[in-house]
Structures are given as structure tokens and as C-alpha cells.
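Single-structure report; data block below.
Please read these numbers as outputs of a predicted model, since none were measured by experiment.
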Amino acid sequence: MKGIAPIAIVMACCFGQLACTESTKKDLLAPTHPNVVIILADDQGWGDLSHSGNRNLSTPHIDQLAIQGVSFDRFYVQPVCSPTRAELLTGRYHLRSGVYGTSQGQERLDLDEVTLADVFRAAGYATAAFGKWHNGTQYPYHPNGRGFDEFYGFCSGHWGNYFSPVLEHNGELVRGSGYLADDLTERAMDFLEENKDRPFLLYLPLNTPHSPMQVPDRWWDEFKGKSLPMSLSSELAEDLDYTKAALAMCENIDWNVGRLMGKLESLGLDENTIVIYFSDNGPNSTRWNGGMKGRKGSTDEGGVRTPFFIQWKSTLAAGQVVPQIAGAIDVLPTLVDLAGIPLSPTKPLDGKSLLPLLLDAQQEDWADRTIFNHWNGHTSLRTQEFRLDKDGNLFQMVSDPSQSSPVNGLYPEIVTQLSKAKEDWEREMYRERDESQRPFTLAHPDAQITQLPARDGIPHGNIVRSNRFPNDAFFTNWVSTSDSISWDIEVLGRGDFLVEAFYTCSEENVGSKVGMYIGSSSLEFQVGEPHDPPLTGMEHDRVERMESYVKDFKPMRLGIVHLRPGKASLRLKAHEIPGTQVMDLRSLLFTRIHETME
């Protein structure tokens, strides 16, 4: 098998049989600067793979990553999207990096954090992200400001339409092509082709099976009339149509993973490419998940355990299963170790390199550790043997993986020890958390375009969002001159900017006069043309959605405004409303047309 000789030498180093410096280890492992591909599913549970034993679906291409690579049996992420993504990018717990929510700015990764892409780009790698970012929209929170040369996808937490939606490419709005997961994979494959002669880091954070539950007929038709052999008992209230849609989306992911792996092979890159596959949290509905307690949003085992496969054909022995616990915080230190990239973090990492486990899955000298899971004020923690849940209940996870019988009385000393660890961790996290207001950035000198979506704004008066989940919502019910919309912003550059609003307005409501105010700058505009498309999305939904439906919002030129650096409140306020309301508003778009030095 390829790679046996260097692995044997490195193992000898790790076990003290040979003197082995860090530089020697990295030279042995990474003589050819391995490429890196990270595929991240969205809301796919541990049980949503045939590799996990689920007979309701078939995922042969993803399963093959485990067969030809190394699988981690107990791998932990956070209960929801943004926190896991932040930990993947930084190797640090999400609360340290300013990520404590999933919308309205709480998903943004602090600007003083160094990302995985920063590290690899500094080492000469081409870097790209295609898909759902969810760690900040406005530059420099934008992926192009966090180390990724190329970005295609969306920065929000979820998207309202998966069929040829409006996306962005390096900050510019574009129209997608076909089903979104397929489109993202096509872009990733193009990136592989374009960078086949240099090392690359490809991050493919897919948008599925996150709702809305939209999937092409090819996959839905297989499931819609299918009987699921592993459906849950009736008292668990499984929504079978939702499960079928989710599993159909997972089979589509598998098809795309197969296409991507085929592309690597056709380019002759598969031997020297590290491929990682995992998900950002537990399943987004009640469905088969190995009997574990909890789903997405829960800090229990089912909400935070995910499959994790890593393949490097030329180097890692196939078929290994690692029993030791690990987590998203470990990805960055592991990859830089495998790639032989020097790392001098400006802040201490919470993760650790999994290299010893990759070289020897039965590593006896691997110290037990504690991994923390946190969401919405609740913390749970996991050791190799136990989980202490958010309520202080202790579970022996080897004999009771479903967390059905607390064992506090059997292990009082463990309860005391882990309870203190939980309190200390929470105290440390909140001590590092910066409670000061972080305004949304506008007009960064390196950004030609800045978007301010409704998700980041604040409605006043009668104005409401189209849905309680803000990520793909728009503002509506703007019916009074006392109503307004505001964004808390910090202007980072200086110059003249064209301002556009993405709006809809019925013909009978045309004519409202509105002012936009940013500090000492302002402009006046009138809603002069009707644009009244219907709500869409339901025609593609396989089950009724929770999130907002969407519309085909049209850009309306508001005028040119001069911006100066500083913090301010951006406010929209109507002066005249001849009809029943002003307009529905999706976002504002600022485009730099002239930079001044005054």
C-alpha cells in the first residue's frame, strides 16, 4: 500500500522509537503539499447515511470515503450551523470567536480570528468556498475577507429557493444554475480543473438537507411512495414526508460527492488529496438516528454527533475506525499537521491534531479529554465514557447511548468533577465574550459592493419581517410615515456609492416618497415603478416550510450617497404614502462608484 514507509517512520516517532521533530514529521507526511477538500452537509444527522446502518436510504459514495479512509466513531460538532462552522474555521470554541447566534449579526466570526483559509492561503494554496457561509455577510466578515480567494453561494443561514436562485460570486449578485447543491458541486469541479497544477483548499458547505425541503423529482420520486423500513414508532411523531424529503436530499448529496470524487480521479488528484466529510449538527427532524437522544438544536448526543470521514489515499490506511472522541475544533490543527504547514496561532487553540489517531486508531497513549457543546444558554459536555447533560444528569454513554438512565448516584465524584469543568468552561467563555455592539460594516476599502439584507435590519412601528426566522425574510407592512427601518452600521471607507433597494410594490401603491439617512448624509427617492411578483417557493416544496416564502425582488436605484468613515445609524423613513403601504424590502445594495481621499 502506498504510504506505508512514511507512516511506519512517523508512528515510530510518535511512540518514541525514533527521535522525531515536528519538522521531520511534517516533511515525511507532506512532501507534495496535499490538496484539501472539506465537504460539509447542512442538517444531516449521524443516522442519515447507509454507512451508519440506515436501510431507508443508500449513500454509497459517502460510505466509500469511510471504507477507503478513516472514520471517527464519536465526532462532535455544535447543535446548530454557525457555531460549528466557526469552530471548523478557527480550531476554537465558537463563543471565543464572537459566534453566539445564527442571525442578525450574532453569526459573525470576530475579525481578529485567523481562519483555516488564511493559514492555507499564506502557505501558497488556492482557496475557495462554494455554498452556505453563515459566518458574516459584509466585508471583511465575508468569505473573501476570511482567506477565500473564490466564493460562490450565499452568506445567510438558509435560502428560500433551491432552484436557480439569486446567489453571489465574490460579492456580486448572480443567478444560480439549476438545483443548488448540483450547481455548487459544478462550481467546485470547475475549481479543481482550474487549480489542478497547484495545491488547493476547497471548502464545499452544501445547503442540504436544510429546509426548505426541495429536491429534484429524480430523487423525490424514489422516496415519495416508498415504505421506510426504519421509521420510528408512532408515539415519536415522525413526519414521514419530511423524513423522505430529507433522505432524498441526502441521496442527492451522495450523487454529488460521487461526481466530485470522480473529478478528482479523472484529474489524477485523488491520491494526493485529503477529503473530509461531516455535517454541522444533528438531524433537522425526528427520524432514525441510531436511538440517540436529541436532534438539531439539542446539546444531547443526537444533536451534536455527526459522521466524520477523512480519506488520503496515498497516506492513510483504509478502513480504520477511531473510537476516541474528537470534534470540529480539531479539524484545523489536524489539517495543518497533515499538510506540513507551520502554524503559530495568535490565540490558543481548543482543538488538537488528530494525526496520532489517524496513524494508529488504537492509540493507547491518547489522553482522555472533554468536549463541550453549547447552544442557547445550555451546555453539555462529553468525555470518552460519560455525557453530563445541560440539566446536570450524568449518562454512561457506552452502555446507555440513548441517555435513558442517569447514573449520578453511581458516580458522584464524576458528577462533581464534570459539573465543575462545565462551570469553569462557561465562566471562561463568557469572560471572553465581548458584549459590546458590533455594527454591520459598510464600504470597506477592499469591497466594491456591500449588501445590507433585511435579516440585519431592525423594523420599527408597524413593519414586520415576512417570517419569524429572519435569514431569508423581507420587510413588509410598511404602512405609516411613523414606521422606519434601521441598520446599525460602521462605515469603513470613504467615497461615493450608488444605492439600490431590492423591492416589490403593487401598482396601486406606487408613489411613496422615502428618505435614507446615514449620519450627515442623506438622499430622497420615490417608489416610481410597480413590481409585484407573487410569492414563490411552495411550488418546489415537498413539505410545508417553516421559513419565509420568497419573491423575485427587483433593484430600484435610490441615488448616490457620499460616505465617510465612522459609526452611524442608517434609517429609511417614508414622508408620503399615497397608497396603503410603501413597499416590501429585501435588501439594500451599496456599490462604490468613486473613492475620495478627503
Side-chain angles (χ1 to χ4, degrees), residues 81-83 85-92 94 96-123 125-157 167-173 201 203 205 332 345-347 432-434 436-453 455-457 471 487-495 497 499 518 563-568 570 587-593 595-596:
C81 312
S82 301
R85 293 156 198 269
E87 294 184 357
L88 162 67
L89 290 169
T90 65
R92 290 160 48 80
H94 62 283
R96 295 191 195 275
S97 61
V99 176
Y100 52 92
T102 58
S103 64
Q104 297 173 276
Q106 297 175 359
E107 77 283 6
R108 290 177 295 168
L109 190 65
D110 283 343
L111 296 177
D112 59 354
E113 295 289 337
V114 175
T115 73
L116 180 68
D118 290 327
V119 173
F120 274 79
R121 185 165 70 174
Y125 278 62
T127 58
F130 302 109
K132 168 180 166 176
W133 173 244
H134 207 187
N135 281 129
T137 297
Q138 297 81 17
Y139 199 96
Y141 294 98
H142 188 276
N144 289 140
R146 307 317 299 260
F148 289 101
D149 303 315
E150 187 86 3
F151 173 69
Y152 175 82
F154 60 96
C155 292
S156 184
L167 302 170
E168 62 168 289
H169 180 214
N170 294 337
E172 294 192 24
L173 299 181
L201 168 68
Y203 177 36
L332 185 152
T346 57
K347 297 182 177 183
E432 290 197 21
R433 178 169 163 176
D434 186 359
S436 61
Q437 184 69 28
R438 291 184 300 172
F440 294 98
T441 53
L442 177 62
H444 188 281
D446 294 335
Q448 184 72 13
I449 293 172
T450 306
Q451 296 183 63
L452 291 178
R455 178 195 69 233
D456 297 337
N471 275 311
W487 286 263
D488 182 26
I489 65 166
E490 182 175 6
V491 178
L492 301 179
R494 186 186 303 272
F497 291 80
V499 186
I518 311 176
L563 299 179
R564 300 175 179 83
K567 295 182 179 180
L570 187 161
S587 64
L588 296 178
L589 183 68
F590 290 75
T591 303
R592 186 188 307 275
I593 60 173
E595 187 170 357
T596 62

So do the side chains of [X] and [Y] get within less than 4.5 Å of each other, counting heavy atoms only?
X: Y141; Y: L111; value: yes
X: K347; Y: D112; value: yes
X: Q138; Y: D456; value: yes
X: P140; Y: T441; value: yes
X: H444; Y: H142; value: no

Which residue pairs pass the salt bridge (charged side-chain N to carboxylate O under 4.0 Å, His left out) test when at least one of the two sits in residues 127-155, sequence neighbours left out?
-> D42-K132, R121-D149

Could you check whether any side-chain N or O of [X] sits under 3.5 Å from a backbone N or O of [Y], counting only pairs where one atom can act as donor and the other as acceptor?
X: T450; Y: F590; value: no
X: T127; Y: L201; value: no
X: W487; Y: P439; value: no
X: R92; Y: S97; value: no
X: N170; Y: F151; value: yes
X: R85; Y: P205; value: no

Check whether the side chains of R455 and T137 place a donor and an acceptor atom closer than 3.5 Å, and report yes or no.
-> yes

The reported gap from OH in Y139 to SG in C155 (rounded to nearest 0.5 angstrom) is 12.5 Å

d(L89 CG, F148 CZ) to nearest 0.5 Å is 5.5 Å

For the residue pair I518 and L563, what are the closest heavy atoms and their distance?
-> CD1-CD2, 3.8 Å

